[in-house]
Q: 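Starting off with a structure, shown below.
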2 protein chains.
Amino acid sequence: MQVLGEHIDHPSADTIYEEVRKFLPRISLGTVYRNLEIMSESGSILKLETGGSIKRFDPNTHSHPHFRCVKCGSIEDLPFGIDSSMFAGTDEDWIKGRKVQSLHVEYTGLCADCNGNTKS
Amino acid sequence: MQVLGEHIDHPSADTIYEEVRKFLPRISLGTVYRNLEIMSESGSILKLETGGSIKRFDPNTHSHPHFRCVKCGSIEDLPFGIDSSMFAGTDEDWIKGRKVQSLHVEYTGLCADCNGNTKS
DNA sequence: AAGCTAATAATAATAATTATCATTAAATAT
DNA sequence: ATATTTAATGATAATTATTATTATTAGCTT
């Protein structure tokens, strides 16, 4: 299972299911979901709750910004880091009793492919 | 319809449906979705594609960060602005043929209520 | 090998959203 | 004012991604 942690991209559960099937043909989708959930809880992968309706999983477990294509739905990493201090650093009054767990920065638009190939 | 643009919070389509029903009892959920979509396309409201599985709508149309409670699912505004220059400003090489349309910053964790009320 | 435990496959259930389509209402022309 | 065209609506069905259920299988432990 961990074998598929070597993804550069951000596969959906369904994509992972298809790939694992290649060498575990009898595996069920439920098992894939269950184990992805376990792995994301244990911290070995990241569950991305991005915009769009699909959950995706990311072997890169440190917080980094993404670009989501509104046309094809692909998620790409962006080459810069983020941390909370970028916006809230100097003044953290806003926390006000909340427990902050994570930060997600997401750009949306058209990926290079979709931007080049079609204009609508 | 526009009457419900006066929300301070970030209602889901279902919440809006319930509220519109109070004075248009015969309206259907499909109509609500359809018109929310039209309004978000015309730019009079914002469709928030946040993490979590629910789409929410926001009368505040300028880009601002949100806090999503992983327990109760509520979305709150955070009191600071964001703009692209915060991370990518100095070096925009990353754009590389993409067409950037919007930026969404989302913190997740426990909201003040959920953080106070339960510890799991 | 018998008995206990935990993981799995197959399937059903759920939840949010989108699509369909006959019906109603609105707009325009006659 | 009424017939005709056009568009919006309500009711319902379909879709999609995910989660829950449950009987079965497989892995250990003695």
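Residue numbers begin at 1 in each chain, while the letters A, B, ... track the order of the sequences.
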Q: Please list all pairs passing the salt bridge (charged side-chain N to carboxylate O under 4.0 Å, His left out) test where one or both residues lie in residues 49-67 of chain B, with sequence neighbours left out.
A: Arg68(A)-Glu49(B)
Q: Rounding to a whole Å, what distance do you find between Lys55(A):NZ and dA15(C):C1'?
A: 12 Å
Q: Determine which pairs satisfy salt bridge (charged side-chain N to carboxylate O under 4.0 Å, His left out) with at least one residue from residues 29-44 of chain A, sequence neighbours left out, and list them in order.
A: Glu37(A)-Lys47(A)
Q: Give me the other members of the hydrophobic cluster that Leu46(B) sits in, counting Ile, Leu, Val, Met, Phe, Trp and Tyr linked by side-chain heavy atoms under 4.5 Å, directly or via other members.
A: Leu48(B)
Q: Restricting to pairs with a member in residues 14-25 of chain B, which pass salt bridge (charged side-chain N to carboxylate O under 4.0 Å, His left out), not counting sequence neighbours?
A: none
Q: Tell me whether Ser44(B) contacts the main-chain N or O of Met39(B) through its side chain, where contact means a donor paired with an acceptor under 3.5 Å.
A: yes
Q: Shoot me the first and last contacting nucleotide of DNA chain D against chain A, ordered 5' to 3', at under 4.0 angstrom to non-hydrogen atoms.
A: dA17(D) to dT19(D)
Q: More 5' along DNA chain C: Gly30(A) or Ile54(B), using each one's nearest nucleotide?
A: Gly30(A)
Q: What's touching nucleotides 4-8 of chain C from the protein side, N or O pairs under 3.5 Å?
A:
{"unit_1": "dT8(C)", "atom_1": "OP2", "unit_2": "Arg34(A)", "atom_2": "NH1", "d": "3.1"}

Q: For Ser12(B), give me all partners under side chain to side chain donor-acceptor pair (under 3.5 Å), at least two apart in sequence or on another chain.
A: Thr15(B)
Q: Run the ring pair (Phe, Tyr, Trp, His ring centres under 6.0 Å) test against His66(A) and tell me which residues pass, sequence neighbours left out.
A: His10(A), His64(A), His104(A)
Q: Could you tell me which residues satisfy side chain to side chain donor-acceptor pair (under 3.5 Å) with Ser28(A), sequence neighbours excluded, listed by chain and number?
A: Thr31(A)
